[in-house]
Structure formats: structure tokens, C-alpha cells
Amino acid sequence: MTQQQYPVLWPMPTRWSDNDHYGHVNNVTYYSYFDTAVNGWLMQATGRDIRELPALGVVAQTSCQFLGSLSFPDQLRVGLRISRLGRSSITYDLAIFRDTNGSLELAATGTFVHVYVDAETRKPVEIPEIIRTAAAALVTD
């Protein structure tokens, strides 16, 4: 995977608390980076606080393949693209790159599936149009 394969490269700093006892970013933290990048991008792309929409994207599935070690104070970029834009779900393909003075080194790849549910009933609903419009820009073949 290369950075050119991702329409968005979301900046993500590591934090002191991300490191575990072994001196590298703990594996569960990668999922936090995915979640933060996807939702941060959605808020920026829509110009809305997505938490206030009548439908919410809840995480139904995630995966991560670890390819390299990260550690504080690494600066990261999370690559975002969409491999599937369905009726009620979005599948994001993600990559975490270490940014060393503009040179990006791949550290992990993953997937992240948002299923949209009614904010009150939590039953599946169609993706809100404002989300669908923003997401369409990241759909790749």
C-alpha cells in the first residue's frame, strides 16, 4: 500500500499514553486512530457534528494488520478510502503511516465498517444523505 492509494491522509499524533510497557504503541490504540480519523474526517467533510444527526454510524466490524512498530512521539497519517458504500453501511479501508519529515512509512492496514442506525431506536437505517455525499468522494475501485 502506498499513500497515493488513499484520497485522505488524516494527521494523527501519537501520545505519551499510547506506548505500552514494551515501549511501542499498544495494538488496541491503532483502532483508536482508525476511529478518530474516520469520525474526524466525517465532521470536517460534512461541516456537521455527526453525533447530532438522526442516524449514527456504529462500528460493526474492524480489523488491523500490523506491519511496523510505532512509538511516541511519532507523527502519523491515517489513510482513508472507501471500498463499499452500501444502503446502510460504509466499509473503510485504512492505513497508518509514520510521517518522518514528509516521508511516509506504512505501519498498519485495516478495515472499519460503520452501520447506520436510528439515534433513538438503534435499528438500521439508510446512510444520511450528508454522509453519503461526503463518503462518495472516497470510494475507490
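Remember, it's a predicted structure, so these values are computed and weren't measured experimentally.
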(request) For residues 115-141, pull every pair meeting ring pair (Phe, Tyr, Trp, His ring centres under 6.0 Å), keeping only residues two or more places apart or in separate chains. (result)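 Counting only pairs at least two positions apart or across chains, the ring pair (Phe, Tyr, Trp, His ring centres under 6.0 Å) contacts touching residues 115-141 are H114-Y116.
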
For the student: nearest non-hydrogen atoms of [X] and [Y], plus distance:
X    : Y   : answer
Y6   : L80 : CD2-N, 3.6 Å
G79  : L9  : CA-CD2, 3.8 Å
A134 : T46 : CB-CG2, 4.0 Å
R132 : G86 : NH2-O, 2.7 Å
S71  : N19 : OG-ND2, 3.1 Å
P73  : T14 : C-OG1, 3.3 Å

(message) T140 vs Q5, test: side-chain contact (heavy atoms from CB on, under 4.5 Å). Steps then yes/no.
(response) CA-CA 9 Å; T140 60; Q5 294 173 289; over 6 Å; no

With the 4.5 Å side-chain cut-off for hydrophobic clustering, are [X] and [Y] part of the same group?
X    : Y    : answer
V8   : M43  : yes
V139 : V113 : no
V38  : L56  : no
W41  : I130 : yes

(request) Take L85 and I127 through the side-chain contact (heavy atoms from CB on, under 4.5 Å) test and state the conclusion after the steps. (result) CA-CA 9 Å; L85 180 58; I127 299 167; 3.8 Å; yes

So, do [X] and [Y] sit near enough that their side-chain heavy atoms are less than 4.5 Å apart?
X    : Y    : value
T62  : F34  : no
D99  : L76  : no
I96  : L106 : no
P11  : Q75  : no
I131 : I50  : yes
Y33  : L94  : no
V115 : V59  : no
R77  : W10  : no

To the nearest 0.5 Å, tell me how far [X] [atom1] sits from [Y] [atom2].
X   : Y    : atom1 : atom2 : value
T29 : Y31  : OG1   : OH    : 11.5 Å
L53 : R48  : CG    : CZ    : 5.0 Å
I90 : L138 : CD1   : CG    : 9.0 Å
R98 : L104 : CZ    : CG    : 11.0 Å
M12 : R15  : CE    : CZ    : 9.0 Å
N39 : Q44  : CG    : CD    : 13.0 Å

(request) State which residues pass side-chain hydrogen bond (donor to acceptor under 3.5 Å, both in side chains) with E129; sequence neighbours excluded, sorted by chain then number. (result)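 In terms of side-chain hydrogen bond (donor to acceptor under 3.5 Å, both in side chains), with neighbours along the sequence ignored, E129 is linked to T133.
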
(request) Flag the pair R81 and D93 as a salt bridge only when some basic side-chain nitrogen lies within less than 4.0 angstrom of an acidic carboxylate oxygen. (result)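 A salt bridge is present here (some side-chain N lies under 4.0 Å from a carboxylate O).
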
(message) Before you tell me yes or no, could you show the steps for Y30 and L70 under side-chain contact (heavy atoms from CB on, under 4.5 Å), namely the whole-Å CA-CA distance, both residues' side-chain angles and the distance that decides it to 0.1 Å?
(response) CA-CA 10 Å; Y30 288 63; L70 299 171; 3.6 Å; yes

(request) List the steps, then state whether side-chain contact (heavy atoms from CB on, under 4.5 Å) holds for N26 with D18. (result) CA-CA 6 Å; N26 189 272; D18 292 347; over 6 Å; no

(message) Which residues end up grouped with F72 if you chain together Ile, Leu, Val, Met, Phe, Trp and Tyr wherever their side-chain heavy atoms are less than 4.5 Å apart?
(response)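 W16, all in the cluster of F72.
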
(request) May I ask you to check whether over 12 heavy atoms, not counting those of R51, lie within 6.0 Å of atom CZ? (result)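 For R51, atom CZ is not crowded (no more than 12 foreign heavy atoms under 6.0 Å).
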
(request) Using distance alone, with no hydrogens and no angle criterion, decide if T111 and S63 have a side-chain donor and acceptor under 3.5 Å apart. (result)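 On atom types as modelled, these side chains qualify, holding a pair under 3.5 Å.
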
